[in-house]
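Residue numbers begin at 1 in each chain, while the letters A, B, ... track the order of the sequences.
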Amino acid sequence: MSSAGDRSTPPSDPWSPFIEAIVATLLESARAAGLTLADAELFEQLELDAGPDGDVAFPTHRLARQSGRAPAELAGQLAAGCRATPFVRAVRSKGAYVNFEVQPERLIDATLRLVFARGARFGHGEPSADPVCVEHTSANPTGPFHIGRVRNAIIGDTLARLSRAAGQPVTTQYYVDDMGRQAAMITWIWTKPRAEWPEEIRRTVDGEEAPGEKPDRHRGRPYPAISAYLKEHEAARAEVAEIVRAIESGRPPPEHRTLTQAILSGMLASLERLGIRFDEFVWESDFLRDGSVDGVIERLRVAPHAVREENGAWAIDAAEYGLPKESTHVVFQRGDGTSLYVTRDVAYHLAKFARFARVADVLGQDHQLHARTLNALLAEIGEPRRPEFLIYQDITVPEGGRMSTRGGSAVWLDHLLEEAVTRARAEVLRRREDLPADEVERIAESVATGAVRYHIVRIAPEKPVVFRWEEALSFEGRSGPFLQYSYARASSVLRKGGVEDGPYPFDAARLADPEELALVRVLARLPRVVAYAARTAHVQAIAGYAHDLADQFNRFYHAVPVLSSGAERASRIALVAAARQSLGNSLDLLGLDRLATM
RNA sequence: GGGCGCGUAGCCUAGCCUGGAUAGGGCACCGGGUUCCUAACCCGGCGGUCGAGGGUUCAAAUCCCCCCGCGCCCGCCA
């Protein structure tokens, strides 16, 4: 059940004329009954998708209270005073509710027309001029993705797709952290002659090095061992620290950027399989190089709560920003004059604010405090704007604990995809022995990546997730492959009917089966779902919608013959085409491949 | 200790922003369905003190308070 809420009735929403008609007739009825109420108020109280008793419901409790009347009696009177219109077939009261049932033929007609008119843009909102930046993933380029980090990428990419569909000009950015100790550790080991590698680190690379191994895997392989090694060896720590200093002074080892880039490219290749690409890459060190970090430091030094620490470091006393007691002093410049991550992040965000009307950051929950610290520093330099943070919870392993690269508990994205492809291939071969091998591979890849993407995006970001292989690799029920299968079914009907490309003439009166009307109702919801999901960043809403749509399509498919039907044939084909279009648009929003056959 | 998030059937989950009529799905389990457009499907059944308590309200899974449990963070790391 959803409220009409923001009272918008855009032309991109098939419900708009129905809502307007209902508001008008209800208002008229209320006035006739001697009641005064603003149409805005009435609009807010309307409930859409109200259930079995009607399409739209109006609860009278509030109005009853205002007028001192009994809700049920009021509902009866209001219902009786509503005229039938071309849009509204019946108005009935039930208890305290006035239920409106729209003219089904009208709804079918309006919805299918809109779907065909807008095609790939059905469900999308009106274009807006305000550019939006979505920063997501931004994982340190130190090795392959594990599934925990991929949650960021999937949520961020889906948010970007939804925002675009909602009409916003979106730019996605990956913030490449090439400045930290972690990046320095990689450079430290790979710029050292192999003969000088400590034995325990060399072990991690020798023996398993495969030709054609992805660079993120290959170059990142020694990383966990370096971590452990540095804990025990001070001299090595000093060498890494020297590299960090070189990077911070703007003179990194020449191989540094190349190595970082190589690992990043391997990581991006994995995301590419999931349909995730970035418009821009922003390198953290660039803000140092172009002087903007110095600018931020200057502004922070004269900020209202700037304090100088004993050893010459500078901080903001951020007590009033509601930070935890122990971190109220936010240091933005070290005693040795170098900058910190949060300082550079301020510079980065100022650069974003200069270009974008809205700035969204997808962050893991471990960055919660960083987000608040960043906000505090922005406030201190008088920057009124703030990023919108989308914080997601960790993916943990069943044994307990977060996924750890070092602890060996990580589930690698590449491994997961490999396993998913193996299973998907077996499923395809089991039922489609007619397909050529390359076609089998193509389908298996799409099914596998679709299953993984959907498995992550279906769950609200703020929910913690425990990773389980059986669940992640499920191809049934509420899964990506279920959606793709439904799309393939619809495609198959159109293919066999010889009408893959339309046009799709139809007569709404021929679509009288309850399952047909039910399917149209689901189709008609898409524009509102997209608007809602984009506005609230509830990316899981589109996942739920796509399942509802596929589910209802399958019910219709079983209940009603299409190609073998008589006078209804053309209209049913049109309905299948519209369902395929909407489902396809939903798959696009989720980043799942449309499969014409599987 | 403080901050943030989470707690809905055996398991997973939607709904919470914006309170509204019998809380939607999926997995598992039980019983059906394929001379017909793809059975990765469909139909039926089973299963709920919405963590506990209190408050606000005509009305609370939804808002407020408190408590319990779980996770994360609280660095001159990133």
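Across all strands, A/V244 comes closer than 4.0 Å to no nucleic acid atom at all (heavy-atom distances). At the heavy-atom level, A/Q540 lies under 4.0 Å from the strands shown only through sugar-phosphate atoms. Across all strands, A/E284 comes closer than 4.0 Å only to sugar-phosphate atoms, never to a base (heavy-atom distances). Within the 4.0 angstrom heavy-atom criterion, no nucleotide atom of any strand lies near A/T338. A/M598 comes within 4.0 angstrom of a nucleotide base, judged by non-hydrogen atoms across all strands. Among the heavy atoms of the strands, none lies under 4.0 Å from A/F332. Looking at heavy-atom distances under 4.0 Å, A/V447 makes contact with a base. When heavy atoms are screened at a 4.0 angstrom cut-off, A/V466 is found touching no nucleic acid atom at all. Residue-level contact check: A/G335 touches the bases, meaning some heavy atom is under 4.0 Å from a base atom.
Closest to the side chain of A/E47, out of B/rG15, B/rU38, B/rG20, is B/rG20. The side chain of A/L563 lies closest to B/rC37 when the candidates are B/rC37, B/rU38, B/rG15. For A/E248, whose side chain is taken as the heavy atoms from C-beta onward, the closest listed nucleotide among B/rC41, B/rA21, B/rA78 is B/rA78. Closest contact between the side chain of A/R478 and the listed nucleotides B/rC41, B/rC72, B/rG24 involves B/rG24. Closest approach to the A/L340 side chain among B/rC72, B/rA78, B/rU38 is made by B/rA78 (side chain taken as heavy atoms from C-beta onward). The side chain of A/D366 sits closest to B/rC73 out of B/rC73, B/rC76, B/rC37. Nearest to the side chain of A/F482, among B/rC42, B/rA39, B/rA21, sits B/rC42. Minimum atom distance to the side chain of A/V331 is reached by B/rC76, of the listed B/rC76, B/rG5, B/rC73. Out of B/rC73, B/rA78, B/rA14, the shortest distance to the side chain of A/I459 is found at B/rA14. Of the candidate nucleotides B/rC37, B/rC76, B/rG71, B/rC76 has the atom lying nearest to any side-chain atom of A/A313.
Using Watson-Crick or G-U wobble geometry with both donor-acceptor distances under 3.5 Å, B/rC50 finds no partner in any strand shown. The nucleotide B/rG44 finds its pairing partner in B/rC30, both defining distances of the Watson-Crick or G-U wobble pair being shorter than 3.5 Å. Look at B/rA60: it lacks any Watson-Crick or wobble partner with both distances under 3.5 angstrom. Applying the Watson-Crick and G-U wobble criteria (two distances, each under 3.5 Å), B/rC37 pairs with nothing in any strand. Base pairing of B/rC4: its partner is B/rG71, meeting the Watson-Crick or G-U wobble criterion (both donor-acceptor distances under 3.5 Å).
One donor-acceptor pair, N or O on each side, does fall under 3.5 Å between the base of B/rC76 and the side chain of A/N311. If you check distances only, the side chain of A/H547 never reaches the base of B/rG25 with a donor-acceptor pair under 3.5 Å. For B/rA21, its base sits under 3.5 Å from the side chain of A/N99 at one donor and acceptor pair at least.
Between A/Y392 and B/rG71 there is no side-chain N or O to OP1 or OP2 distance below 4.0 Å. Taking side-chain N and O atoms only, A/R334 has a distance below 4.0 Å to OP1 or OP2 of B/rA78. The phosphate of B/rU38 (OP1 or OP2) has a side-chain N or O of A/S492 nearer than 4.0 angstrom. Taking only side-chain nitrogens and oxygens, A/R555 comes nearer than 4.0 Å to OP1 or OP2 of B/rC43. Taking 4.0 angstrom as the limit, A/Q365 places none of its side-chain polar atoms (N or O) nearer than this to OP1 or OP2 of B/rC6. The side chain of A/R372 contributes no N or O atom lying less than 4.0 Å from OP1 or OP2 of B/rC73. Put simply, A/K463 has a side-chain N or O that comes within less than 4.0 Å of OP1 or OP2 on B/rG7. Residue A/R344 has a polar side-chain atom (N or O) positioned under 4.0 Å from OP1 or OP2 of B/rA78.
What separates CG of A/L323 from P of B/rG3 is a distance of 12 Å, to the nearest Å. A/L48 has its CG atom 15 Å from the P atom of B/rA21, to the nearest Å. When rounded to the nearest whole Å, the span between CG of A/D345 and P of B/rG75 equals 18 Å. Whole-Å rounding puts the A/Y454 OH to B/rA14 P distance at 11 Å. Taking atom CZ on A/F475 and atom C1' on B/rC41, their separation rounds to 16 Å, with Å as the unit. Summarising the geometry, the separation between CD on A/E471 and C1' on B/rC11 is reported as 7 Å, rounded to the nearest angstrom. What separates CG of A/D548 from P of B/rU13 is a distance of 18 Å, to the nearest Å. In this structure, A/H558 atom NE2 and B/rU38 atom C1' are separated by 10 Å, rounded to whole Å.
Side-chain contact annotation: A/H136 with A/Y174, donor-acceptor N/O pair under 3.5 Å absent. In this model, no donor atom of one side chain and acceptor atom of the other lie less than 3.5 Å apart for A/Q540 and A/Y545. For the residue pair A/T338 / A/D336, a side-chain donor-acceptor distance below 3.5 Å is found, with atom types taken as modelled.
Nucleotides B/rG45 and B/rC36 are separated by 27 Å at their C1' atoms, to the nearest Å. Separation of the P atoms belonging to B/rA60 and B/rC64 is 16 Å when rounded to the nearest angstrom. For the C1' atoms, the distance linking B/rA61 with B/rA78 amounts to 39 Å, nearest Å. When the C1' atom is compared between B/rC16 and B/rU62, the two are found 4 Å apart, to the nearest whole Å. Straight-line distance between the C1' atoms of B/rG53 and B/rC46: roughly 31 Å, to the nearest whole Å.
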Could you please spell out the steps behind the side chain to side chain donor-acceptor pair (under 3.5 Å) verdict for A/R569 and A/S565? CA-CA 5 Å; A/R569 190 172 189 269; A/S565 60; 5.8 Å; no

Any chance you could lay out the salt bridge (charged side-chain N to carboxylate O under 4.0 Å, His left out) test for A/R478 and A/E471, step after step, and finish with the verdict? CA-CA 10 Å; A/R478 219 190 138 169; A/E471 290 173 7; over 6 Å; no

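With centres under 5.5 Å and a plane angle under 30°, the ring of A/Y97 is stacked against the base of B/rA21.
Electrostatic pairing of A/E445 and A/R442 does not count as a salt bridge here, judged by no charged N lying under 4.0 Å from a carboxylate O. Under the 4.0 Å criterion applied to side-chain N and carboxylate O atoms, A/R245 and A/E248 are not assigned as salt-bridge partners. Salt bridge A/R92/A/E101: present, at least one basic N to carboxylate O contact under 4.0 Å.
Taking the centre of each ring, A/H547 and A/Y454 stay at or above the 6.0 Å mark.
Each of A/A57 and A/A596 was assigned the nucleotide of RNA chain B with the nearest heavy atom; the assignment lying further toward the 5' end belongs to A/A57. Positionally, the nearest nucleotide of RNA chain B for A/P461 lies more toward the 5' end than for the other of A/P461 and A/P561.
For the pair A/Q393 and A/Q365, the minimum side-chain heavy-atom distance is below 4.5 Å.
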